[in-house]
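Below is one structure, written out as structure tokens; the observations come after it.
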Amino acid sequence: MTLVDQPAPAAGAAPPRRLTMAKAMVEGIAEEMERDPSVFYLGEDVGAYGGIFGSTTGLLEQFGPERVLDTPISETAFMGLATGAAVEGMRPVVELMFADFFGVCMDQIYNHMAKIHFESGGHVKVPVVLTTAVGGGYSDAAQHSQCLWGTFAHLPGMKVVIPSNPADAKGLMIAAIRDDNPVVYLFHKGAMGLAWMSKTKRALGDVPAGAYETPIGTAAVARPGRDVTIATVSLSVHHALDVADELAADGVDAEVLDLRSLVPLDREAILESVGRTRRLVVVDEDYHSFGMSGEVVATVAEHDLDLLAAPPVRVAVPDVPIPYSRGLEQAVLPTPERIADAVRRVLG
Amino acid sequence: MTLVDQPAPAAGAAPPRRLTMAKAMVEGIAEEMERDPSVFYLGEDVGAYGGIFGSTTGLLEQFGPERVLDTPISETAFMGLATGAAVEGMRPVVELMFADFFGVCMDQIYNHMAKIHFESGGHVKVPVVLTTAVGGGYSDAAQHSQCLWGTFAHLPGMKVVIPSNPADAKGLMIAAIRDDNPVVYLFHKGAMGLAWMSKTKRALGDVPAGAYETPIGTAAVARPGRDVTIATVSLSVHHALDVADELAADGVDAEVLDLRSLVPLDREAILESVGRTRRLVVVDEDYHSFGMSGEVVATVAEHDLDLLAAPPVRVAVPDVPIPYSRGLEQAVLPTPERIADAVRRVLG
Amino acid sequence: MATIAPQDELLDAPLRVDLYRTMVLIRTYEERIRQEYHADKTPGFDIGKGKVPGEMHLAAGQEPVAAGACAHLRPSDAVTATHRPHHLAIAHGVDLDRMTAEIFGRDGGLGHGRGGHMHLFDPAVHFSCSGIIAEGLPPALGQAFAFRRRGTDDVAVAVTGEGAANQGAFHESLNLAALWRLPVVFVVEDNDWGISVPRSASTAVADNALRAAGYGMPGERIEDNDVEGVYRAAGRAVARARAGDGPSLLEVHTLRLWGHFEGDPQSYRPGLATLDEADPIPRYRRRLLEEGVLDEGRVEAIAAEAAGRVGRAVEAALASPEPDPATATAYVFA
Amino acid sequence: MATIAPQDELLDAPLRVDLYRTMVLIRTYEERIRQEYHADKTPGFDIGKGKVPGEMHLAAGQEPVAAGACAHLRPSDAVTATHRPHHLAIAHGVDLDRMTAEIFGRDGGLGHGRGGHMHLFDPAVHFSCSGIIAEGLPPALGQAFAFRRRGTDDVAVAVTGEGAANQGAFHESLNLAALWRLPVVFVVEDNDWGISVPRSASTAVADNALRAAGYGMPGERIEDNDVEGVYRAAGRAVARARAGDGPSLLEVHTLRLWGHFEGDPQSYRPGLATLDEADPIPRYRRRLLEEGVLDEGRVEAIAAEAAGRVGRAVEAALASPEPDPATATAYVFA
Ligand SMILES: Cc1ncc(C[n+]2csc(CCOP(=O)(O)OP(=O)(O)O)c2C)c(N)n1
Ligand SMILES: Cc1ncc(C[n+]2csc(CCOP(=O)(O)OP(=O)(O)O)c2C)c(N)n1
Ligand SMILES: [Mg+2]
Ligand SMILES: [Mg+2]
């Protein structure tokens, strides 16, 4: 009975290692902190606790309190501190405990972190990584279960990356830290492989040792297929893969496209995949309207209507706050059942 | 040389009157304040100043400082005050001076104002109207020129209305005040008819005297046409009408659909119009990606791909903060030139 | 509402028994919730499983704050709590059956199962809470504003943790409440911790009451987790608010007896072994026994009464149906 | 950086002349900007028209704050200003030509015409500003943090208005800076007004220095818009920050001589007619003349020098080309 994971095994173990997404993320941070003294991590409960969702487990022990800093519950102040430190050449990684809390510090994020580079005509760089936990599925209700990537992706000036698996979690973290721009890094609690939360069988994955970058702005074909493209991100990639496996038994060959990054959005990969499968299902754990699902559909429609053999289908949270009660929450999340239904629908 | 408008003429004048959008908005507020003692207005510089953009001119004189309250620059506190007062049965209208400032108080808006009704299982009502100024075009740069309606519309629990003309400004205000839900009311500075800002010829309009409601969630055909649907909101409605007039000379008959409300979005009206014209241009002064333009396109695409004879075209701010310099700003705004180009493109 | 005894006089015996009874009811309730919460999460703690899923923040040790402050309130007064709301809800008289049903995610809950334990709204007693740090304060200002406009002398009690006192919302709320002389009583529950972060690592001053001066309002810190100290100080603050003299700030040095949330290993926390010695309930019981205000029989009766009440609440909750998933999108708009 | 004279000693004459010279340069600059701003907006004021469009917030009357505080700084120190930034930018040595080009929206501007007058960034002297109330403070903390990490004794001076002192960001920034002993000097420019709202209608206390106690840092209010008072107080605060002893809060009672922004009718403001009497520049000039630190010739030379410098800046700005609209989407990402 614990909400804390064990620290990752000591570095130096030979590849391939199977790690949880949390451990892979921490490994990426730790390797960059070793390489570059200007990298530091700050946020709430990221020190002794190791991050409520295991995002910093072991970092305090390894790097000490000068580089792994617990902050007061003052998101505006410490988010801005990260921005200012980045302006002066440091490379902060700053954690917002839940994405749901963005509203207490959004001005720092989108009016400052995201805009200073532009306003300065390119003269000032703001290399911050903003890490934050997203997603529901464990009855944490309306203020602690949201994904909100559509909100971040709508506002210019920040890159937005969303790893779904351990290898990408490490590679995108390294790429984000090395990027000279603000990068919002959204990790799904349900995909972190935490001991105290239900896991999918895909929560563990092979993670290369040593430094590598997963390119920001490049989607990945998580499963190639011919009949339909399921475009999605984050935990829903796992669900989509499960659904694809299940539908394969019925002779349906679904392609799962893990977008991995919303800004930049790999529109070419979407068009290429849909160009082959000619059918599109977008799965989005964020709210339905005015977000990712609409953007992906519009990307295809405005490019070439003939690409699509059937109207695209969206599976998202139907514009309702996330309800607490399990049955209600499951009814609004993009569950495997809803994804499978959508695939069947788009196949006609 | 003044940034303040004159107060509206005394009530009782016979209809039809031609009013600016600012005066029509104020008239709606004033009539509701007279009718319902639980209505009050609060915000920064809404008292003696009369609202930086004329949203409250004359209200202090008419209703006194108990019902028209200047606040400290503490958006989180006074936004929440509005929510709490609404919970207790009052009907506050609360002004956020510029929509661009949402980030200093977004938690109050979307985690409280917008969610309390749901979290309470419908037992608590939150009848707040959140008024805020949007839009650029006068070189107010990256922190004072945004529209951001996509951001508000993405998050469930708030209605989002956007008047483009004086009659709707009054009717939507009255409807918003009487609505039992939080309603975000976005008024475009460039459409208010302010003496100190460039105006389109459509800044003045006939406004009925007395109380009437413009239904929330209903789009309006601002100009009927057969060849193409230009779906848009706010100041861009004026530009679209200008473009339609101009193109009529070339024999193009454009329909201009003023969505007026993003939540609820009148999807039927979009489908009905596009069903007739079979061509769609979406004009959106908000950022291009993950917002309104994508949602409107997706609404059509997911309904019936055959509705469209050509790929839809979006005219929006190309995911760049609003630049200061006039030439740069005009290059990123959805100007009449860009709209006309898009219409020509969609007509093939 | 009993009259407030001066600092050096003993409080009335019946009042002291009431304070004790409230604390016992709260503790009994939270022990039961804790048990129900963990009951079906084994083997292997899984936060999303069981009859009561999700995060669970219990207030064991903080009962003196709730009992002492809410003793001055009537149902028409408002109380705003945090992510850790049960003690205040119970002390302020929130419907226990429907609150419990909400915690169990049932349709008969305060929020028809939509809200959960961090989102309890009972309009009958003007109770609300929020899971966002310090952001419950601003709506309390609005309630107070509405009370004054309505011409009543009702007040709003707005509670946060010491960690929350470093949020911007705290500052803005205190300034605005003072400026507009709103009938608000701000209560900071200083339990020394904000999750794993000790007060010394979050707050630049040792006493939040010091901050009251920055808003021109009275500030007072109550040491020792003393329910009677809270009662007296809250009495002054509530009276001041009712009289139209504006807000006050109280900080109570209290105790988080258990983890931040259930499942918190508290490995960051020294002195865990001896924590129970500081439990305010046995301490107060011993004192009332010594002073002859309680006897063993009365103690047992109070415990039995609490157990009975809590048992009935849990039974009622479990008897309420799960919400129908087909209604999952209901209640977004009125 | 002159050494700081004790409170009762006169400042050195050359320093006093420097303070005066800085104030004159600022005023000369702002008078010229005001003139350019309005020049081509007539007939009928149109905010979006002219060589300098958009909102324009000038700091006439607040020169003592900038001159007094920045006199202690070196280019490696940071200054963060608000929507009203010119006086601080000039006093801290921001490149005047490129700043002016930015205000005129030219490609040679500090931000290639992207930023405008509320968004001036000059990394060479660590200068920045923001149009969002109080939200410039948190980044200043980060600059101070980086300076300390780098092992220098550089400091960050973070400036806001008195209206801004009621924003949450103000509170959070002061607490965090104090907690981490960051080398920050917070300066509140109290010009009595937040647009049309007088201080009494925004702030629950008469003196923001009182709030410093809530963060365990020294607080000091400088009355009378006195440049030498600012100089002395800022000297103490900067020295403290350089020594590693943490932040301080200064509030200066200053004067908004003109409207909130250009075009502000100020109909809400009493005493407009006599405002010029309080202008700090003639006042300081008279004093220096009386005390023999300046003579008329020197005064004229300083004025001429300022006019020359400002003239050259405006010329340079006007010589810079407009940005190419084809590059409108540049600089979103590095
Ligand atoms: C704005 C915001 N930031 C962070 C959190 C996460 N969080 C929940 S409780 C908590 C600690 C609160 O500490 P305190 O205010 O002392 O209350 P306590 O838990 O001790 O009762 C934190 C950081 C949150 N809910 N909201
Ligand atoms: C968060 C936010 N709210 C409101 C505004 C609009 N606004 C710009 S300046 C100003 C007044 C600021 O007053 P003060 O801090 O005293 O500075 P001054 O203008 O007097 O220099 C306001 C309300 C803003 N820019 N940002
Ligand atoms: Mg605490
Ligand atoms: Mg001011």
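Every chain is numbered from 1, with letters handed out A, B, ... down the list of sequences.
Ile195(C) places none of its side-chain heavy atoms less than 4.5 Å from the side chain of Glu44(A). Within the 4.5 Å cutoff, no side-chain heavy atoms of Val332(C) are placed close to those of Asp319(A). Side-chain contact between Phe261(C) and Ile52(A) is present, with heavy atoms from C-beta onward closer than 4.5 Å. In this structure, Met118(C) and Gln143(A) have side chains that are not in contact, with every pair of non-hydrogen atoms separated by 4.5 Å or more. Looking at Asp70(A) and Val197(C), their side chains come closer than 4.5 Å, going by heavy atoms from C-beta outward. You'll find the side chain of Pro323(C) stays beyond 4.5 Å of the side chain of Tyr324(A), heavy atoms only.
From Tyr49(A), atom OH reaches atom CZ of Arg269(C) across 13.0 Å, with rounding to the nearest 0.5 Å. Between the SG atom in Cys105(A) and the CD atom in Gln167(C) there is a gap of 8.5 Å [rounded to 0.5 Å]. Atom CG of Leu194(A) sits about 9.5 Å away from atom CD1 of Ile47(C), to the nearest 0.5 Å.
Here the shortest heavy-atom pairing between Ala164(C) and Ile73(A) reads N-CD1, 4.3 Å. Across every non-hydrogen atom of Ala331(A) and Pro325(C), the tightest pair is CB-O, 3.8 Å. When all heavy atoms of Asn166(C) and Pro72(A) are compared, the pair lying nearest together is CB-CB, 4.3 Å. The two atoms that bring Ala142(A) and His119(C) nearest to each other are N-NE2, 4.4 Å, heavy atoms only. Of all the heavy atoms in His112(C) and Leu328(A), the pair that sits closest is O-CD1, 4.1 Å. Closest non-hydrogen pair, Val320(A) versus Ala328(C), comes out as CG2-O, 3.6 Å.
If you measure heavy-atom distances from Asp107(C) to chain A, you find no contacts under 4.5 Å at all. Of the two parts of Ser74(A), the backbone and the side chain both hold a non-hydrogen atom closer than 4.5 Å to a non-hydrogen atom of chain C. Interface remark: Glu322(C) contributes side-chain atoms only to the contact with chain A (heavy atom separation under 4.5 Å). Interface remark: Glu75(A) contributes backbone and side-chain atoms alike to the contact with chain C (heavy atom separation under 4.5 Å). There is no contact between Thr203(C) and chain A, counting heavy-atom distances below 4.5 Å. Interface remark: Ile133(C) contributes side-chain atoms only to the contact with chain A (heavy atom separation under 4.5 Å). For chain A, no part of Ala134(C) is nearby; none of its heavy atoms comes within less than 4.5 Å. Of the two parts of Lys49(C), the backbone and the side chain both hold a non-hydrogen atom closer than 4.5 Å to a non-hydrogen atom of chain A. Only the side chain of Glu135(C) comes within less than 4.5 Å of a heavy atom of chain A; its backbone N, CA, C and O stay farther away.
The backbone N or O of Val52(C) lies less than 3.5 Å from no partner atom in the side chain of Arg326(A), so there is not a single donor-acceptor pair. Formation of a donor-acceptor pair under 3.5 Å by the Asp45(A) side chain with backbone atoms of Ser196(C) is found in this model. Distance alone, capped at 3.5 Å, places no donor-acceptor pair between the Arg114(C) side chain and the Ile322(A) backbone. The main-chain N or O of Gly105(C) is found under 3.5 Å from a side-chain atom of Ser325(A) such that the two form a donor-acceptor pair.
A donor-acceptor contact under 3.5 angstrom links the side chains of Asp46(C) and Ser198(A), judged on distance only.
Top candidate by heavy-atom pairs under 4.5 Å with chain A, chosen from Pro43(C), Gly161(C), Gly168(C), Gly115(C), is Gly115(C).
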